[in-house]
Every structure is written in structure tokens, then in C-alpha cells.
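Note that this is a predicted model, so its numbers are computed, not measured. Counting starts at 1 for both ligands and their atoms, in listed order. Values below: every heavy atom of this structure, side chains too, minus hydrogens, waters and symmetry copies.
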Amino acid sequence: MAARLQRPHAAAACLLLCCLTGGLSVPDPRLREALIQLESSMQTGGRVALTDAERRLDTRLLKMKQREILRADFPPAMHFFKARHLIRASPIFSLLQKMPKGGALHVHDFSMVDVEWLVKDVTYRPHCYVCFTDSQSIRFIFSCRWPKPLPRCSQWSLLENLRAEMGNTTDLDDSITANLTLFTDRDPEAAYPSQDVVWDRFEEAFRAAWGLVTYAPVFRDYYYQGLRQFYTDNVVYLELRALLPEIYELDGSTHDTAWTLKTYRDVTRQFTENHPDFFGARIIYTVNRGVNTSVMSRVVEEAMELQRDFPDIMAGFDLVGREDRGRPLWDFRDALSLPAQRGITLPFFFHAGETDLEGTEVDQNLLDSLLFNTSRIGHGFALLRHPVAKDLSRKRRVAVEVCPISNQVLKLVKDMRNHPAAALMSEGHPVVISSDDPAMFGASGLSEDFYEAFVGLGGVRSRLGSLKQLAINSIRYSSLTPKQQEKALALWQRKWDKFVAENAFL
Ligand SMILES: *[C@@H]1O[C@H](CO)[C@@H](O)[C@H](O)[C@H]1NC(C)=O
Ligand SMILES: *[C@@H]1O[C@H](CO)[C@@H](O)[C@H](O)[C@H]1NC(C)=O
Ligand SMILES: *[C@@H]1O[C@H](CO)[C@@H](O)[C@H](O)[C@H]1NC(C)=O
Ligand SMILES: *[C@@H]1O[C@H](CO)[C@@H](O)[C@H](O)[C@H]1NC(C)=O
Ligand SMILES: [Zn+2]
């Protein structure tokens, strides 16, 4: 590998020298070719060796991509909400859906499953109450008795009765759906004119879903359904960022954090028993970055206990919520140093650099996340503006979790071709592709984000080798032990070979 790595550099350097000393008026075409090869070999997957069948598939894929790029309505240049139907009709997308993508390493607990399932299945279950808030939002609760009024929500109705009174429930169900997701058929630029507006609606949608997904029977089904959705999208492994909230029963009794984590473990076991070709899932415990330092210390203590008691399912710890509004990591330096001070292992998977506030306290999170020895960086959207952080991330093999659709919907980038991770991919920086909150954004599993990364960020030069490398990265940069990684890679490779065999010769 090392020898192969050296060759293009050496050839280019030699040619460059010849050129400079020779003083030709027209640059040497061999030099040009060598430089093109050199650049191409540096990108994600640029040095991946392909089998004969893979080369056939690569050629097919290139033709598809060249056609896609000529389109007047090029999907990566558009807002995902407008582009979704075009993407889903694209032949590249159907191939990406079938492609074994490895692991999904950046996904949040309550945005895994299509909202349609929540509306059509969950809200039709018995004992479901709904309340319309005075700010045009919506709350739910399952209860065996009439629920108590909330501060900004005075009147609960039993959904079953409400629907019976209405007869035709289409409009109600549509407005429930609209409350649970950001996806809209309206013009997304008009619906979400600024980062503040879109983040407020984003947080409101989580509050709307809260009473549905934290009801114990739904909680289990939701997670199982979420695993099914990723499995159907040909993902074999998941690392889920989870708040581990208090889960409630019909009589109002509640369960503690350990119960919630154990439930994730049990449902994961159940799912892998029923789907032996799914590798499994692990949990990254998360807390909102809006909490104060004493709450953070308590939560980190709890995370260390959970890591000790449930080492199989627990992968580590992270902070969530809008970086621009929450506290910077440095505010929590005492709490986040507790594990190291006590010699206890608690891997960190920090969201960092999901911001365009260059130079602010929050923008410092990228470097700070590395100071705290983060295992991966969530988003890292601002990484290009931090050369030292970028260098450290590369040297320490701290992969960046790139979530293109999330960054676009939350208004950090408009045209995917301008996404900063395009530069990271062109120099082979350690990256993985993930979907963050697919249900909120109207996506499903990983395929839409892979489409944006492959067609939009990658451009024409990124080929099958890039896709293969991204899938391998998602296992190599996971929290799995080296031994588990070998097993997961073997499982993925079997699926990959089958995929290549079935699609190379069409
Ligand atoms: C219910 O209402 C929707 C929208 O108002 C309408 O499109 C649909 O045809 C109605 N369905 C029935 C069965 O009347
Ligand atoms: C949420 O539901 C309420 C009540 O049906 C509705 O008035 C409101 O427009 C919905 N919100 C969104 C964002 O669609
Ligand atoms: C921190 O937040 C918690 C919960 O919101 C609150 O009970 C506590 O008083 C706060 N502590 C400080 C020091 O502000
Ligand atoms: C980060 O890792 C270094 C080197 O292993 C160690 O000395 C340091 O204590 C760690 N810091 C934290 C906050 O975990
Ligand atoms: Zn996230």
C-alpha cells in the first residue's frame, strides 16, 4: 500500500522538475495527466482497488452520473424538499438504496421513523389524547384517565372522539403530520426564511412528538420500526444518539434512565434475532447543551455508571441541541474532564462546528472537542476554517460525520456542491455519511444523504471506490471493537459482493 501511495507523488514531482528545467512553452501533457491522477488518488476511495465486476458497475454508475449532471433541474443544487421526488426517481438513487451502506453513525432517537407511521399507527391507538397549544402547536399523551391541563395547553381531547365527530379525518391527520416534521410541500425558503425560524420549528416538532414516543409501548415499537427502516435501506449497523428520557406507562408511572437503556438493548437483541443479517446497534447517551454545569456533572456521572453497567450497548456520550444557542463545550470543562481524572473510559462523540458563527465562543467547539479526545466529530461543518482542528482530526483519525440534508434544511448551505465536506472528501479526510434526523427532513434511512454526498459533494470524479470507502469508513470509525469490526465488515462484504454481482451486468 505504502509503495503504491508513493508512486503518483514521485512521478508528479519528477515531471514537475523536468518541466521547470526544460522550460517548455506548452505544459507537458504527461505532467498534466500525472497531476490529475495524483488528485484523483487523494479523494475518499481514490486508492480503493476494484474487482472486475466492480469496474463494470463503476462504468455504469459513471454514465448515470454524467446524465444526472446535465439535468437542468440538478437535484443537489435544489432544496431537498423540492428535490426529493426527483431524487427518488433517479436511477442512481435506486442503486444507492440497494447498496449495502455499512453503518449509520449519526442518527437521533426520535427522528428515525417516517412520521406517517406515527400518525397512521400510533395516534390511532386507544387512550391517545391531543391538545392544541395557544401557539398553534400540538401535544399528545396516552393516559387511562383525563390528563391535567398544561401551562399553554388548556384542553385535552380524546383523539378517538375527535375523529369520530369529524367523520373525515384527512385534514386533521395532515395537520398532525405537518406538526411532526419539517418536510413541507410549500416553498421551503418561504416557510423557513432564517436559521432561527427553522430551528424553532425543529424544536417544536420534537416537543410535538414527545408524548407519543415516550409512551412505553410506543417507545419499544418506535425503535423496532426505526431499526426496520434502516435495515430496509440496507444499513447493517446503527449508533443512535439517545436522550434516554423518562418513559411513562398508561397509569402515569415512569421508568428511569437505566430502564430506557436496557429497553434499547432488549429491542436491539430482538431485532437482530429476527434479522440475523443485521449487525446491531449501540447507544450514545446525549444531553441538551442548554443545561447548567451542575446538571452536566450529574449527567456525566450517570453516563460513567451506564458505561460501566452496560458496556455492550453503551457507546459513549454527546451533547445535543442548537450549538449557536447552547453553551460551548468549554463551559463544561470540569464535568467533561471527570472521566479522565478518574481513569474511567467514557468515549465522547461531540457535535461540533455545526455553525457558521465564525470566531465566536461556539465556533471554538471543534478544537475543544478534540482537546476532550472526541472519538468522532458530529457535522464538523466549520472544520475548513480551523486548520489546526482539521489537521488533528486527520492525524488522530477522528472521523467527521457529514449529514448533508440536515445542513441544508437547517440553512448552513444551499447548494450541495458548495458543502465544505466536498473539500474534505477530495482530500480523503476521514468522513462518514449520515442522516441526523431523517424523519424531520422527510428522508428515510441513509440513501438520500448518500445521494447528496455522492452526486452533489462528490461530483463526477467520485466513483464506486468512494462509495465503497464510505461504507468501510462507517464500520472502521464506529465504536465497535476491532474484533467486532472484522465481523461487521465480513457481513457487509458478503452483501456488497452480492450487490455488485447483481448490478454490474444489467
Ligand atoms: C376528506 O377530505 C379531504 C380533504 O378535505 C378530501 O380530499 C377527501 O376527498 C375527503 N374524503 C372523503 C371520503 O370524503
Ligand atoms: C399544527 O396543528 C395545528 C392544529 O391542527 C395547526 O393549526 C397548525 O397549523 C399545525 N402546525 C403546522 C406547522 O402545520
Ligand atoms: C441548574 O439547573 C437545574 C435544573 O434546571 C436547577 O434545579 C438548578 O437550580 C440549577 N443550578 C444552578 C446552579 O443554577
Ligand atoms: C485526552 O487524552 C490525553 C492523552 O491520552 C490524556 O492525557 C488526557 O487526559 C485526555 N483528556 C481528556 C479530557 O479526556
Ligand atoms: Zn445531530
* **Flag: protein heavy atom within less than 4.0 Å of atom 5 (O) of ligand 4** =>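 No, there is no protein heavy atom closer to it than 4.0 Å.
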* Asked: Do the side-chain N and O atoms of Asp449 and Ser435 include a donor-acceptor pair separated by under 3.5 angstrom?
  ->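 Per modelled atom types, Asp449 and Ser435 side chains form no pair under 3.5 Å.
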* Could you tell me whether Arg139 and Glu204 have a side-chain N and a carboxylate O separated by less than 4.0 Å? =>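 Result for this pair is yes, salt bridge flagged.
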* **Interfacing atoms of ligand 4 (cut-off 4.0 Å, heavy-atom, Phe372)** =>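 Those qualifying, in numeric order: 13 (C).
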* For Glu301, does the CD atom have more than 12 heavy-atom neighbours from other residues, nucleotides or ligands under 6.0 Å away? ->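 For Glu301, atom CD is crowded (more than 12 foreign heavy atoms under 6.0 Å).
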* **Centroid-centroid distance, Tyr264 to Phe219, less than 6.0 Å** =>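 Judged by ring-centre distance (under 6.0 Å), Tyr264 and Phe219 do meet the cut-off.
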* Find, among atoms of His108 that are N, O or S, the one nearest to the Zn ion (ligand 5), and state its name. =>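 When I compare the N, O and S atoms of His108, NE2 is nearest to the Zn ion (ligand 5).
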* Asked: Which residue holds the protein heavy atom closest to atom 9 (O) of ligand 4, what is that atom called, and what is the gap in Å?
  ->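 Here the closest protein heavy atom is Ala340 CB, 4.0 Å.
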* atom 12 (C) of ligand 4 touched by protein heavy atom at under 4.0 Å ->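 Protein heavy atom within 4.0 Å of atom 12 (C) of ligand 4: present.
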* Tell me which one of Thr374, Ile344, Asn373 gets a heavy atom nearest to atom 2 (O) of ligand 4. =>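 Residue with the shortest heavy-atom distance to the ligand atom: Asn373.
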* Does the ring centre of Tyr231 sit less than 6.0 Å away from the ring centre of Phe271? ->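 Yes, they do, as the ring centres are separated by less than 6.0 Å.
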* **Distance filter under 4.0 Å to Asp171 heavy atoms, resulting ligand 1 atoms** =>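 Numbered from 1, ligand 1 contributes 4 (C), 5 (O).
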* Asked: With Glu448, which of Lys101, Arg84, Arg88 fulfils salt bridge (charged side-chain N to carboxylate O under 4.0 Å, His left out)?
  ->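 When Lys101, Arg84, Arg88 are each tested with Glu448, the salt bridge (charged side-chain N to carboxylate O under 4.0 Å, His left out) holds only for Arg88.
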* Take atom CZ in Arg397; do more than 12 heavy atoms of anything else shown fall under 6.0 Å from it? ->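 Not buried by this count: 12 neighbours or fewer within 6.0 Å.
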* In terms of ring plane angle, is the pair Phe93 and Tyr451 parallel, tilted or perpendicular, where the classes change at 30° and 60°? ->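 Answer is perpendicular, since the angle exceeds 60°.
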* May I ask you to check whether His106 brings an N, O or S atom to under 2.8 Å from the Zn ion (ligand 5)? =>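 Yes, since at least one N, O or S atom of His106 sits under 2.8 Å from the Zn ion (ligand 5).
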* **Asp436, N/O/S atom nearest the Zn ion (ligand 5)** =>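 Considering only N, O and S atoms, Asp436 comes nearest to the Zn ion (ligand 5) through OD1.
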* Is the Zn ion (ligand 5) less than 2.8 Å from an N/O/S atom of His351, whether that atom is in the backbone or a side chain? ->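 Within the cut-off used here (under 2.8 Å), His351 does place an N, O or S atom near the Zn ion (ligand 5).
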* With a cut-off of 4.0 Å, which atoms of ligand 1 are near a heavy atom of Asn168? ->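 Answer for ligand 1: 1 (C), 2 (O), 3 (C), 8 (C), 10 (C), 11 (N), 12 (C), 14 (O).
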